[in-house]
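Following: one structure in C-alpha cells, then a few remarks.
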2 protein chains.
Amino acid sequence: MLSTAMKEIVANSSAIRAMFEEGKRMAAIHGAENVYDFSLGNPNVAPPEKVKQAILEITNNENPVFLHGYMLNAGYPDVRKKISGFLNKRYDLSLSENNIVMTVGAAGAINVVLKTILNPGDEVIVFTPFFGEYRWYVKNFGGELVIIPNNKSGDFQPDLAELENALSPRTKAVIINTPNNPSGAVYSEETLKDLAAILDGYQKKSGTSIYLISDEPYREIVYDGIQVSYPAKFYKNTFTAYSYSKALSLPGERIGYLTAPDELDGFEEISQGLSVANRILGFVNSPSMFQRVAAECVDITVDVSIYEENRNILYENLSKMGYECLKPGGAFYLFPKAPGGDDVAFCNAAKEHRLLIVPGRAFGAPGYFRIAYCTKKETVQNSLNSFEKAIKG
Amino acid sequence: MLSTAMKEIVANSSAIRAMFEEGKRMAAIHGAENVYDFSLGNPNVAPPEKVKQAILEITNNENPVFLHGYMLNAGYPDVRKKISGFLNKRYDLSLSENNIVMTVGAAGAINVVLKTILNPGDEVIVFTPFFGEYRWYVKNFGGELVIIPNNKSGDFQPDLAELENALSPRTKAVIINTPNNPSGAVYSEETLKDLAAILDGYQKKSGTSIYLISDEPYREIVYDGIQVSYPAKFYKNTFTAYSYSKALSLPGERIGYLTAPDELDGFEEISQGLSVANRILGFVNSPSMFQRVAAECVDITVDVSIYEENRNILYENLSKMGYECLKPGGAFYLFPKAPGGDDVAFCNAAKEHRLLIVPGRAFGAPGYFRIAYCTKKETVQNSLNSFEKAIKG
C-alpha cells in the first residue's frame, strides 16, 4: 500500500521513532525528570518577549483579511524587503525583495531549491557529518546523494581535497550547513573561500553550473564571540536557506526564507521556478502571520547564553571523563567519539543509564554520537553521572 | 538551469502569473476599484471574531516554548483528538487522533498522501472541471494524471460511466473535490454512493487498492441549506483533505488536516508513511499556533451569507444577460459557458471591459470560464455592466 520509495524511508526513520517511543516508556518507569533526553533539536529556550508582543500587536492592529490571506507565493513584498535590508546591512550585500522567497522553514526552502534545479540522476554532494534529512530531500526529486566522509582530524571542516575528486558533470549542487548539525563546527572563512575556489574552478573547466545550498538555521546560535562567515559572499551560485526555528525558538511555526542573488546562473528563470515550486509542492506560501512577526523581529535572537552554559558544562565534564570531542563553536549539539567505537552499541548501552543520544551513523558518521543540549540546565547537570557510567561501560 | 520538469510547469503557470501582472497594470491605469478582479480564490470575508480572540488568548496564556515548538510530525495529539471528536459527532464516524494528520493546508495534505502511496507510473483519476494544481501534485511523485471529461449535461457531477472505462490495474487514486472548484457543484449522495460502488467493484475484481482522495476545503461554503455528504462515509479507502483556508478565511496560514480511517487498506504502514512524508517533504509539521487556533474554532465558520449574496447577484444577472451557468450549491465560484465557445478568446476580450476571469482550460474544461466571487459586493455590482458588454462582444 505504501509506495516503494516510502517503504525504505519509513524503515530508516524507525530508529528515531523507536527512540521517541523508548523515551516515553522510560519516562513512565523512571519519571520524566530522571530520563536525560538529548535526542531532539527542539529548543528549550523561550522565544524573545518581542515575539509575543509582535503577535499581539499584529493581531490587534492588522486587517485580518490581509493578515491571514494569500499573498504572492514568494511572500509579502514588504517582509522580503525588510529581510533583504537587514542582510544587506549585516553582510554588506545588495539584495532586494526579489532575491528573497519566504518559506516553510529551512526544510521547506531546501526542498523548493531542489525541486527547482534537480533533474533525475543529478548529484548533490554533502560532507559528513550531515543532517540526515538531506538524504530524503535529495531523493524527493530523483537526485543522487554523494557523501564525502570527514577528514578524520576531528575538526569537522569539510574535506575539500575529496570534494575535488567527487565533482562530476552530474554534480548539480553542494549542501553545507554551518554552524553544523550535528558537530557544532563553524566553517571558517578560509574553508568557505577554498570551497568557492574549487567550485568556481570546476564550473569554468566543465562549463556547468554548480549551486551551493547553504543551510543556516543555526547562524545566530554561536559562542565565544565567533563570527559566522556568510557563504554567499564567496560564491555567487549560492542559495541560502534560513529558518527562524532556532534564532527565535519558533520551530513549530515553520517560518524561514531562502535567498537567490541576481548573480546566480539563470537567475530569471530560477526565480520564477522557486515561486512556482513553493506553490506546487503544497506549501503555497510561508505562514502569513509569522512572516510579519519575523519582519518585526528580524534583528533579535534568543538568549544564546543559556545554550552556551549547557555546552560549557557538558564539554568540560565530558572531556574530564575521557570523551573525545570538538568544542563546538555553534548550534546546540556536541558530537563526541563513541567510546568503544561502535556508536549504535554505545547509544543502546547509554539507555541503561537513562541517556537518550543519537548514533553518528544517522548523520553519515559512524563512531560518533550526538548530544542535543537544547534542554533544561538541570537535565544537563543531572545527566553527568550517567555519562560517567556510560564511558566506564 | 531550471530542471526540465520545472520548465514545463513554469511555462504553464505563466498564464495566471500574466493575469496577475495584467491586473496590476490595469489597476494602475483605471484605479483598483474599476478593475473587476475575479481571478483568485482569496477570501474577502473576514475570519470569525473568535479566531482573533483565540490567537490573543493562546498567545497570552500558553507556554511559548510549547506553543511554538516542535511536536509530533502528525501534529498535537490533543488538537487531533478535538478534530476527530468534532467529525465523529457531525458525521457519525469513529475516528481517533490516530486517524488525523495536521497539514500545511489541503495542498499539503494532498501532497503528503500522494508521496505516501504513489509509485512512478501510477495513475490518478480526476474529473473535469478540476483544480488545475492536481496536475503538478501528481507529477511531483511521478504519477500520471488520467482526466475524465465532464458529461456535457452541465451539472458537473462526475461522469461515472467513463470512470468504469478509465479504471486500470495502474489506477492508484481518484481525486474528487466537492463542493467543487471551479464549478461550485456539490456532488450528490447518490453520485458518491455510485462512485464508491464502482471503486469497490473494481477493487474486488482486480485485487488492487484504489484510494479516494476527497479534497474538501469548501465543505462549509454552501448555500440554500444544502447538506454536503461526507465521501468517506461511503468508501472505506478514503483520505479526506481539509483546510481552514475558506471555512475560517485563513488561507495564508496554511492550516489543514487529512484523515485516514482505520479501515483503510494498509492503515498501519500508511499511517506511519503520512507522518514521515509530512516531515521529509519539508513541511515537518503544520504551523503550531494555528493548530491550536483551529482546535478552538473547530465548529465555527465565516459568514457564508456574504458569498451567497454575491452568488445570487451574479447568477441572476448573468442568467438574464444570456450566460449559461449551473447555479452553484457551494464554493465561491461561478463556471459559465464562454459565449462564443472559445474560453481563452472570451477571457482576453473581457479584459477590455476590465474583467479578470480565468479560462476553463486551466481546469481541464475548455469552453467555460471561472468567476471567483469571493470579492467585495461592490466589485460584483459594479462588474455587471462589464459582463453585459462582454457577452454582446
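Keep in mind that the numbers below use all heavy atoms, side chains included, and drop hydrogens, waters and symmetry copies. Each chain gets a letter, A, B and so on, in the order its sequence line appears, and its residues count up from 1.
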Quick one: of [options], who has the most non-hydrogen atom pairs under 4.5 Å with chain A?
| options | answer |
| --- | --- |
| I280(B), V65(B), T4(B) | I280(B) |
| N60(B), N44(B), V104(B) | N60(B) |
| S3(B), G266(B), A107(B) | S3(B) |

Contacting region of [X] [heavy-atom separation from chain A under 4.5 Å]:
| X | value |
| --- | --- |
| V112(B) | neither |
| I55(B) | side chain |
| K7(B) | side chain |
| I255(B) | neither |
| E269(B) | both |
| D122(B) | neither |
| A277(B) | both |
| Y211(B) | side chain |

Legend entry - Six-ring centre of Y76(B), R292(B) cation under 6.0 angstrom, axis tolerance 45°: yes
Legend entry - For chain B, the option from M6(A), Q291(A), E253(A) that forms the most heavy-atom pairs under 4.5 Å: E253(A)
Inset, instruction - Show your working on side chain to side chain donor-acceptor pair (under 3.5 Å) between Q53(A) and E57(A) and close with a plain yes or no. - result: CA-CA 6 Å; Q53(A) 293 314 319; E57(A) 271 178 47; over 6 Å; no
Inset, instruction - Using heavy atoms and a sub-4.5 Å threshold, report which of residues 241-249 of chain A line up against chain B, by residue number. - result: S245(A), K246(A), S249(A)
Inset, instruction - Evaluate the ring planes of H68(A) and F290(B), with Trp represented by its six-membered ring, and classify them as parallel (under 30°), tilted (30 to 60°) or perpendicular (over 60°). - result: perpendicular
Inset, instruction - Please flag which part of S286(A) lies under 4.5 Å from any non-hydrogen atom of chain B: side chain, backbone, both or neither. - result: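 The backbone, not the side chain.
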